[in-house]
2 protein chains.
Amino acid sequence: MTAPRRTAAGDRGGRPPVSSAHEVAAVAQRVLLERGFDETSVDELAAAAGISRRTFFRYFPTKADVLFADSPAEVERFRAGLAAGGPADSWRVVVTRAVMEALRFAPEDREWALHRAQLFFTVPAVQAHAVRVWATWRQLAVDHARRVRHDDPLFSLAVGHAVLAATLAAHEYWTREPAADLGDLLARTLDLLLPPDPPSQR
Amino acid sequence: MTAPRRTAAGDRGGRPPVSSAHEVAAVAQRVLLERGFDETSVDELAAAAGISRRTFFRYFPTKADVLFADSPAEVERFRAGLAAGGPADSWRVVVTRAVMEALRFAPEDREWALHRAQLFFTVPAVQAHAVRVWATWRQLAVDHARRVRHDDPLFSLAVGHAVLAATLAAHEYWTREPAADLGDLLARTLDLLLPPDPPSQR
DNA sequence: CACGTTATGGCACGCGGTGCCACAACGGAA
DNA sequence: TTCCGTTGTGGCACCGCGTGCCATAACGTG
């Protein structure tokens, strides 16, 4: 019947892509940082990456998404970090470790991460989009908290929002004091904002 | 010269507005809730309010702004609440009171407030805009915290983000349990998320 | 009536984002 | 080789949001 499946061998067939999401993101990020987010149109980004405007929107559903190309990897690290916590570990420690692990970057990516963070707090459109992306983080944190306090949904929600608030506070401070270590800042803000262990009462 | 100032008497002159921001907001909010945010165009909102599309954008800089018509009043209540705290009051109590005071609504506005909260967590465009509006809240909270701990800017930032996180968590819970009292929820989430009083160490 | 003032509404434009479709570039089978 | 299915590409038209520009309407005052 119409042989829908390709034989085997690499699972390829059809026209090969002229580029990749990673390549386009790398070019676009550089251009966006150089010329400004709102001052750069998608047409310019596409031209810089050597693709058409229409193809750009196949790689990224939104102009802002090009700044979050590695977001899925971060989310996956966060998820793995939450799952890696042993039963003996305090949940606050588990969450803190997971956040720090998820947001860790290679030294050569530090400047890029800093620039991106600065975009969050200066360009409204980027910040707006970041909130939508980080909803996944929040949900993961909420699910994790629910496993600790399945009796108190408000507590779980608060934990989820606390994770985001701590992450944002650390990044905001970082943009003003770039010499600081983001990991240290995250550890401190999480310690400040994560609710304390539930008292043994009730 | 050219008599720039009108004589006196009510400070009026020129063509009178055909409507007001409050009237337009009331109509638009109803339509948006009935037909959905993304499914309603600005042309439809303008037509429903009896004004032109161009005039709509003079009343509100953005389609989403029509949902935040009373935001300035809330911000002002928040600011006043923060300033009203006596020196004997704990800063956590002051902040909690200020938030609850700012977000208090008349009983007849309860349903509208609930619907608006539901829009925050379902329509990405609204949530994105809310973040930008609430940056003012955060800044006020940060400034207030700085008066308590002027030595620790990271602490101040964390407080600011905690206020927003608690507000969001309370609203999110409220949208799922509309029978709950928003004030109670706010008090609980703020108690969970506001950092504890700085220990007397150092 | 002429004038300044203020609000309105129409028009054109740019930009982000989407649906549709023709076509290009690959592998495989006849 | 030719035909075919598959997959990526790019062009085009379209819609909605938001803005700048400008003509004009509606007021008060001289």
Side-chain angles (χ1 to χ4, degrees), chain A residues 1-24 27-28 31-32 35-68 123-129 132, chain B residues 1-24 27-28 31-32 35-68 123-129 132:
Chain A
M1 297 66 173
T2 70
R5 285 297 115 222
R6 293 165 234 83
T7 49
D11 189 84
R12 290 292 332 165
R15 175 175 181 170
V18 75
S19 182
S20 70
H22 187 269
E23 290 177 8
V24 174
V27 175
V31 176
L32 285 178
R35 317 201 7 186
F37 186 86
D38 289 327
E39 290 73 22
T40 309
S41 69
V42 175
D43 297 79
E44 298 175 274
L45 294 182
I51 58 176
S52 76
R53 165 191 161 84
R54 192 64 187 82
T55 300
F56 178 93
F57 282 115
R58 284 202 188 83
Y59 282 74
F60 303 99
T62 293
K63 176 184 175 185
D65 273 297
V66 84
L67 296 172
F68 298 84
V123 182
V126 179
Q127 188 175 20
H129 195 76
R132 295 168 55 178
Chain B
M1 296 70 176
T2 70
R5 285 300 113 221
R6 290 163 237 80
T7 49
D11 189 83
R12 290 295 331 168
R15 176 174 179 170
V18 75
S19 183
S20 71
H22 187 270
E23 290 177 10
V24 174
V27 175
V31 177
L32 284 178
R35 318 203 5 186
F37 186 86
D38 290 326
E39 291 72 23
T40 309
S41 69
V42 175
D43 298 79
E44 296 175 276
L45 295 182
I51 59 177
S52 77
R53 163 193 163 82
R54 191 65 187 83
T55 300
F56 179 93
F57 282 115
R58 285 203 187 83
Y59 281 74
F60 302 99
T62 294
K63 176 183 173 184
D65 273 298
V66 83
L67 296 173
F68 297 84
V123 182
V126 179
Q127 187 176 18
H129 195 76
R132 296 168 56 179

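- Nucleotides of DNA chain C nearest to A:Pro61 and A:Glu44 differ in position, and the one nearer the 5' end is that of A:Glu44.
- For B:Val18, the side-chain atoms get nearest to C:dT8 when compared with the rest of D:dC17, C:dG16, C:dT8.
- At the phosphate of C:dG14, neither OP1 nor OP2 sits under 4.0 Å from any side-chain N or O atom of A:Ser41.
- With sequence neighbours left out, B:Arg35 forms a salt bridge (Lys or Arg N to Asp or Glu O under 4.0 Å) with B:Glu44.
- At the heavy-atom level, A:Thr40 lies under 4.0 Å from the strands shown only through sugar-phosphate atoms.
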Whether each nucleotide of nucleotides 20-27 of chain D has a protein heavy atom under 4.0 Å at its base (B), only at its sugar-phosphate (S) or at neither (-) is summarised, 5' to 3', as BBB--BBB
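- Computed from coordinates, the A:Glu39 CD to C:dG14 C1' distance equals 14 Å when rounded to whole Å.
- Under a 3.5 Å cut-off, the side chain of B:Ser52 and the backbone N or O of B:Thr55 do form a donor-acceptor pair.
- In this structure, the separation between CG on A:Leu45 and CG on A:Leu32 is 4.5 Å, given to the nearest 0.5 Å.
- For the pair B:Val42 and A:Pro17, both in contact range of DNA chain D, the more 5′-proximal nearest nucleotide belongs to A:Pro17.
- With hydrogens and angles ignored, the 3.5 Å screen pairs a side-chain donor or acceptor of A:Ser20 with a backbone N or O of A:Glu23.
- Nucleic acid contact for B:Tyr59: sugar-phosphate only, since backbone atoms but no base atoms lie under 4.0 Å from a heavy atom of the residue.
- Nearest heavy-atom pair, A:Ala46 versus A:Phe56, reported as atom, atom and distance to 0.1 Å: CB-CB, 4.3 Å.
- Note: CZ (A:Arg35) to P (C:dC15) measures 11 Å, nearest angstrom.
- B:Phe56 places its CZ atom 19 Å from the C1' atom of C:dC11, with the value rounded to the nearest Å.
- To the nearest angstrom, P of D:dG16 lies 21 Å from NZ of A:Lys63.
- Distances shown here put every side-chain N or O of A:Thr55 at or beyond 4.0 Å from the OP1 or OP2 atom of D:dT9.
- If you measure from atom CG of A:Asp43 to atom P of D:dG10, you get 13 Å, rounded to the nearest angstrom.
- Applying the salt bridge (charged side-chain N to carboxylate O under 4.0 Å, His left out) test to pairs two or more places apart or on separate chains, those with a residue in residues 50-60 of chain B are B:Asp43-B:Arg53.
- Between the CZ atom of A:Arg53 and the P atom of C:dG14 there is a distance of 13 Å, rounded to whole Å.
- For the pair A:Phe60 CZ and D:dT9 C1', the computed distance is 16 Å after rounding to whole Å.
- One finds no side-chain N or O of A:Thr62 lying less than 4.0 angstrom from the OP1 or OP2 phosphate oxygen of C:dG16.
- Rounded to the nearest 0.5 Å, atoms CD (B:Glu39) and OG (B:Ser41) are 11.0 Å apart.
- Proximity note for A:Phe57 (side chain, C-beta onward) versus C:dG17, C:dG9, D:dT9: the nearest is C:dG17.
- Across the protein-nucleic acid pair, B:Ile51 atom CD1 and C:dG10 atom P stand 12 Å apart, rounded to whole Å.
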